[in-house]
Amino acid sequence: MLAPLQGFTEAPFRRFHSEIYGGADAGITYFSPFLRIEHGEPRQRDLRDIKSELNAGLHLIPQLICRNVGEFNSLVEEIRLAGFSEIDLNLGCPFAPQVRKGRGTGLLANPSALEEIAAAMIAMPDVGFSVKMRLGVKAPDEWRNVMPILNKVALSHITVHPRTATQQYAGELFMDSFAQLASEAAAPVIFNGDIHTPAMIDQILSLPSRPAGVMIGRGALIRPSLFAEWIEQREWSKDERIEKLLLLHDRIFEYFSHNLCGDTQILSKIKPYWEFFGLEFDRRQVKKIAKANNIPAYNAAILSL
């Protein structure tokens, strides 16, 4: 499974990743960055992402983030109208503004709201729901307060990033807590977090807790070939990885160039990818990309790679 990352794993990335690395044929499930309520209504740009023609032929599951059952119902209604029958609930976003508002991991601290959301899920047997979560906001045992609630719902799976929200994306992975959660969850449990090589996928799948699969986010942005390498059961050479990565970049950049207006808008969308893509290259070359303030300078920096 390819994890949802705001600003990165949107429709263009999903489309061209699948075409270049065989995502659809390989059975990869893609998740949309979360849909949310903004100014009292589902955010339109999120809806455009899941309705995009670029999603054709992909196994895409929209993800939503909410703080109460009202937000949940509004978002589910829009997602269903868009033609989807699978929906993922975000209980794992560690971004402080969302957590403070009771969304993402913050919803783990509000069992009463989660109870109402679970009841709404149960009342929609024609929708396949799943959950992506962390172990807690501050402590790795906070999941215990909500697991009885989640176990009431016939979830297709629960994806677990075994950190707390306060840790963000660094620090210890609480593997013992992950194993305990997996033993108490009624649904299959998917592992998410710090997977960077094909061998690491095998290591995770062979854990005593027997995860049902893996979800990879940042690792698949740094190394988009990761799924293909694991399926082929061989590590690609650096030259192979770079060749395909640059092709992926070119396809995304071409799409932005044709669908966005002006150098500033295009560069603001494409340059953030180099936070991840750039780790395959010399740092001095990547700095040229970061400093480029117009398309000709950006193209020159890319050619230098």
> Between P272 and L267, what is the shortest heavy-atom contact and its length?
Replying inline: CD-O, 4.0 Å
>> Run the salt bridge (charged side-chain N to carboxylate O under 4.0 Å, His left out) test on E240 and R234 for me, step by step, so that the C-alpha distance in whole Å, both residues' side-chain angles and the decisive distance to 0.1 Å come before the verdict.
In response: CA-CA 12 Å; E240 284 181 285; R234 70 177 184 93; 2.9 Å; yes
> Looking at side-chain heavy atoms only, is the closest gap between P94 and T166 below 4.5 Å?
Replying inline: no
> Take atom CD in E53; do more than 12 heavy atoms of anything else shown fall under 6.0 Å from it?
Replying inline: no
> Going through the distances and angles, do F16 and L247 end up as a side chain to side chain contact (heavy atoms under 4.5 Å, CB included)?
Replying inline: CA-CA 9 Å; F16 303 128; L247 178 59; over 6 Å; no
> Hey, is the main chain of R103 close enough, under 3.5 Å, to the side chain of N110 for a donor-acceptor pair?
Replying inline: no
> Between SG of C66 and CG of N90, what distance do you get to the nearest 0.5 Å?
Replying inline: 9.0 Å
> Just by modelled atom types, is the I50 backbone N or O under 3.5 Å from a matching donor or acceptor in the N55 side chain?
Replying inline: yes
>> Is there a side chain to side chain contact (heavy atoms under 4.5 Å, CB included) between I190 and V160? Walk through the geometry before answering.
In response: CA-CA 6 Å; I190 307 294; V160 180; over 6 Å; no
> For W274, what residues pass the ring pair (Phe, Tyr, Trp, His ring centres under 6.0 Å) criterion, not counting sequence neighbours?
Replying inline: H249, F277, F281
> Can you tell me how far CG of D194 sits from CD1 of I204, rounded to the nearest 0.5 angstrom?
Replying inline: 9.0 Å
>> Check E10 with R15, please: is the shortest side-chain N to carboxylate O separation under 4.0 Å?
In response: no
>> If you define the side chain from C-beta out and look only at heavy atoms, does anything of S18 sit under 4.5 Å from I28?
In response: no
>> As an exercise, state the distance from CG of L91 to CG of L107, rounded to the nearest 0.5 Å.
In response: 5.5 Å
> Is the backbone of W236 close enough, under 3.5 Å, to the side chain of E229 for a donor and an acceptor to pair up by distance?
Replying inline: yes
>> For residues 195-216, which residue pairs pass the side chain to side chain donor-acceptor pair (under 3.5 Å) check, not counting sequence neighbours?
In response: D202-W230
> For Q180 and R144, does a side-chain donor sit closer than 3.5 Å to a side-chain acceptor?
Replying inline: yes
>> Could you see if I216 belongs to whatever hydrophobic cluster contains M133? Use Ile, Leu, Val, Met, Phe, Trp, Tyr and a side-chain cutoff under 4.5 Å.
In response: yes
>> Test ring pair (Phe, Tyr, Trp, His ring centres under 6.0 Å) on Y273 and F8; report intermediate values, then the result.
In response: CA-CA 7 Å; Y273 282 96; F8 295 100; 5.4 Å; yes
>> Are F31 and V127 connected into the same hydrophobic cluster when the rule is that any two of I, L, V, M, F, W, Y join if their side-chain heavy atoms are below 4.5 Å apart?
In response: no
> Do the charged groups of K152 and E115 touch, with an N to O distance under 4.0 Å?
Replying inline: yes
>> On a heavy-atom basis, which atom in A220 and which in F13 lie closest, and how many Å separate them?
In response: O-CZ, 4.4 Å
>> Do F95 and L221 sit in one hydrophobic cluster, given that two such residues count as connected whenever their side-chain heavy atoms are within less than 4.5 Å of each other, even indirectly?
In response: no
>> Does any part of the side chain of P12, heavy atoms only, come nearer than 4.5 Å to the side chain of N259, both counted from C-beta?
In response: no
> N192 and K132: side chain to side chain contact (heavy atoms under 4.5 Å, CB included), yes or no, with the steps?
Replying inline: CA-CA 9 Å; N192 169 236; K132 185 176 188 297; 3.1 Å; yes
> Is the backbone of L75 close enough, under 3.5 Å, to the side chain of E78 for a donor and an acceptor to pair up by distance?
Replying inline: no
> Counting only N and O atoms by type, is there a donor-acceptor contact under 3.5 Å from the side chain of N151 to the main-chain atoms of A186?
Replying inline: yes
> Salt bridge between E142 and K138, side-chain N to carboxylate O under 4.0 Å?
Replying inline: no
> Donor-acceptor pair, S156 side chain versus G128 backbone, under 3.5 Å?
Replying inline: no
>> Could you check whether atom CG of N145 has more than 12 heavy atoms from other residues, nucleotides or ligands sitting under 6.0 Å from it?
In response: yes
>> Are L207 and P211 packed together at the side-chain level, in the sense that at least one heavy-atom pair is separated by less than 4.5 angstrom?
In response: yes
>> For R67, is there any backbone N or O sitting under 3.5 Å from a side-chain donor or acceptor partner on E71?
In response: yes
> At what distance, to the nearest 0.5 angstrom, does CD1 of I222 lie from CD of E275?
Replying inline: 8.5 Å
> Are K244 and L248 close enough that some pair of their side-chain heavy atoms sits under 4.5 Å apart?
Replying inline: no
>> Can a donor-acceptor pair be found, under 3.5 Å and without considering hydrogens, that links the side chain of S52 to the backbone of D49?
In response: no
> Checking side chain to side chain donor-acceptor pair (under 3.5 Å) for the pair Y169/H161: CA distance, chi angles, key distance, verdict?
Replying inline: CA-CA 9 Å; Y169 299 96; H161 184 126; over 6 Å; no
> Closest approach of S177 and L135, non-hydrogen atoms and distance?
Replying inline: CB-CD1, 3.8 Å
> Where is the tightest heavy-atom contact between A228 and Y21, given as atom of each residue plus distance?
Replying inline: CB-O, 3.9 Å
>> Before you tell me yes or no, could you show the steps for Y298 and N293 under side chain to side chain contact (heavy atoms under 4.5 Å, CB included), namely the whole-Å CA-CA distance, both residues' side-chain angles and the distance that decides it to 0.1 Å?
In response: CA-CA 7 Å; Y298 180 81; N293 56 14; over 6 Å; no
> What closest approach, in Å, do T9 and P33 show between heavy atoms, and which atom pair accounts for it?
Replying inline: O-CD, 3.5 Å
> What's the spacing between K101 NZ and R36 CZ if we round to 0.5 Å?
Replying inline: 8.0 Å
> Do other residues, nucleotides or ligands put more than 12 heavy atoms under 6.0 Å from the NZ atom of K271?
Replying inline: yes
>> Please determine whether residues M1 and L5 belong to a single hydrophobic cluster, defined as Ile, Leu, Val, Met, Phe, Trp and Tyr linked transitively by side-chain heavy-atom distances below 4.5 Å.
In response: no
> Taking the six-membered ring of F174, is the NZ or CZ of R163 close enough (under 6.0 Å from the centre) and on axis enough (within 45°)?
Replying inline: no
> What are the two closest heavy atoms between T105 and G136, and how far apart are they?
Replying inline: CG2-O, 3.2 Å
> Does a side-chain N-to-carboxylate-O contact under 4.0 Å join E280 and R223?
Replying inline: no
> Are F129 and I122 side-chain neighbours, meaning at least one heavy-atom pair lies under 4.5 Å?
Replying inline: no
> Would you say the side-chain atoms of R134 pair up with the backbone N or O of P162, donor to acceptor, closer than 3.5 Å?
Replying inline: no
> Rounded to the nearest 0.5 Å, how far apart are CD of Q265 and NZ of K269?
Replying inline: 9.0 Å
>> Is there a side-chain contact between L60 and R14 in this structure, where contact means two heavy atoms from C-beta onward sitting under 4.5 Å apart?
In response: yes
> Going by heavy atoms in the side chains, are V76 and M124 under 4.5 Å from each other?
Replying inline: yes
>> Test: side chain to side chain donor-acceptor pair (under 3.5 Å). Region: residues 79-89. Which pairs qualify, not counting sequence neighbours?
In response: H59-E86, Q63-D88, R80-D126, D88-S130
> Is I201 reachable from V189 through a run of hydrophobic residues whose side-chain heavy atoms are each under 4.5 Å from the next?
Replying inline: yes
